[in-house]
Structure formats: structure tokens, C-alpha cells
Amino acid sequence: MEKLKIGVLISGSGSNLQAIIDASTEGLPVEVVKVLSSRPDAYGIERAKKAGIPVCVFSREVYANPEAADARIVEEMKAAGAEYLVMAGYMRKVTPVVLNAFPNRVLNLHPALLPSFKGAHAIQDAWDAGVKVTGVTVHFANEEYDKGAIIAQEPVRVEEGMTLDDLEAAIHTVEHELYPRVLDWIAEGRLQLDDDGKVRISQV
């Protein structure tokens with residue numbers, strides 16, 4: 001099977017990037033062709049370099065013009081041969097410049113069961129709300145924050161005695177399994193976005 005070529009966008013530790021890299025060495029038919037970081041101090045940069053993946057790093061000044069920044073992202077990722085863009089803890093909203101260049105090919109990971117707890121503080125917000133079940137969502141990115149078509153979701157139970165740190169760790173564990181699984185579906189050609197905006201996953 002020909003490997004799916006992806007570009008990964010990060011802003012922080014890059015633990016989901018690492019999960020994808022690890023899965024690709026264990027048979028996931030995916031190749032990370034480029035990593036772009038929105039922050040020069042993101043630890044994910046070191047993860048990419050250790051894996052021999054080319055890295056592009058943007059400073060805050062680059063984002064003064066979001067459309068121009070996204071045009072550079074498109075240029076970098078197209079040149080690297082990326083077929084999909086995968087946001088993995090990327091803390092910038094992508095503009096139509098990116099979305100139009102990769103139509104229905106930009107993925108995002110959200111640490112809650114959308115449409116609940118949108119935004120950048122989803123784990124804290126779910127914790128504060130006292131819910132007994134939260135989880136992880138992988139969805140297509142669109143122009144509305146955390147509102148693209150949902151591809152996959154996995155629940156995470158908030159067990160008695162859990163701390164907020166425990167919940168965050170449990171969510172990350174699920175993220176690291178779910179994101180590679182979704183990428184496997186795409187690589188195998190099993191994922192389809194219907195005209196009604198719903199995602200269908202065909203069986204093997």
C-alpha cells in the first residue's frame with residue numbers, strides 16, 4: 001500500500017505527532033513529510049528532528065497576517081508533497097487559504113466530545129462542568145472553530161477520585177490511539193464525506 005503523505009501542524013509538546021510517528025514505524029501506512037510549528041520553543045520540533053522529518057518554524061510575527069502565514073504553510077506543505085494536513089495541538093485557527101488548498105483534507109483533534117466543550121480549554125471546561133463522561137473527537141477543520149464534520153469520537157469516563165491531571169492523561173492516551181486509527185482509515189480509502197456533511201467509514 002502506498003503511504004499517505006501528511007503534514008503535521010503543532011504548537012506544543014507534539015505528543016500526538018510522536019504517536020503518529022511511532023504508529024508509522026509499526027505499520028501505519030502514513031509518512032509525515034513535514035512538520036510546521038507555530039512556536040520556536042515547541043518540544044515537538046525536537047521529536048520531528050529526531051525522526052528525521054523536515055521542520056518549518058514560524059515566529060509570532062509571521063502570524064501578524066494570518067492569510068499570508070497560511071499561504072506560506074500551503075507553499076511549504078505542497079512542496080513537501082503533503083496530501084493531508086493534520087493539526088496536532090496546533091493553537092492557530094486556519095484560514096480559508098489553507099482550507100481551500102486542502103479541501104476536506106485538514107484534520108483536527110479536540111479533547112472533548114464535540115459539539116460539547118468547544119474552544120481551547122475543553123478539558124478544564126468539562127472538569128468544571130462536572131460531567132461524568134467526556135472524550136476525544138477527530139474532525140475535519142472548516143471555517144468555524146471546532147465545527148467541522150466529525151470523523152470519530154471516543155469517550156473517556158471521569159472516574160471517582162480522578163484529578164484534573166489524571167483526566168488530561170486519560171484523554172491524551174485515547175488521542176494517541178484514535179488519531180492514527182483515523183489516518184489508517186484515510187490511507188486505506190475507507191473514509192468518505194457525504195454530501196450531507198456526514199462522514200462514512202466503510203468496512204474492510
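- Sorted by first then second residue, the side chain to side chain donor-acceptor pair (under 3.5 Å) pairs that include residues 84-94, not counting sequence neighbours, are Tyr63-Tyr90.
- Ser116 places no side-chain N or O within 3.5 Å of a backbone atom of Ala112 that could act as its donor or acceptor partner.
- With a 4.5 Å cut-off on side-chain heavy atoms, Val156 and Val133 do not count as touching.
- For residues 13-40, the set of pairs meeting the salt bridge (Lys or Arg N to Asp or Glu O under 4.0 Å) definition, not counting sequence neighbours, comprises Lys34-Glu76, Arg39-Asp41.
- Residues satisfying the side-chain hydrogen bond (donor to acceptor under 3.5 Å, both in side chains) criterion with Glu46, sequence neighbours excluded, are absent altogether.
- Taking the side chain as every heavy atom from C-beta outward, Ile20 and Ile6 approach each other to under 4.5 Å.
- Here the CG-CG distance, from Leu107 to Leu85, works out to 8.5 Å after rounding to the nearest 0.5 Å.
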All N/O donor-acceptor pairs, side-chain side in residues 51-62, below 3.5 Å, sequence neighbours left out:
residue : atom : partner : partner atom : Å
Ser59   : OG   : Glu61   : OE1          : 3.0

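- Scanning both residues, Leu193 and Ala149, for their nearest heavy atoms gives CD1-CB, 3.7 Å.
- No salt bridge links Glu83 with Lys78; every basic N to acidic carboxylate O contact stays at or beyond 4.0 Å.
- Not counting sequence neighbours, Glu75 has no partner by the side-chain hydrogen bond (donor to acceptor under 3.5 Å, both in side chains) test.
- Sorted by first and then second residue, the salt bridge (Lys or Arg N to Asp or Glu O under 4.0 Å) pairs involving residues 125-134 (not counting sequence neighbours) are Lys132-Glu160.
- With hydrogens and angles disregarded, no donor-acceptor distance shorter than 3.5 Å links the side chain of Glu67 to the backbone of Val97.
- Asp184 and Pro29 get closest at one heavy-atom pair: OD1-CD, 3.3 Å.
- For the atom pair Leu4 CG and Ile186 CD1, the distance stands at 6.5 Å (nearest 0.5 Å).
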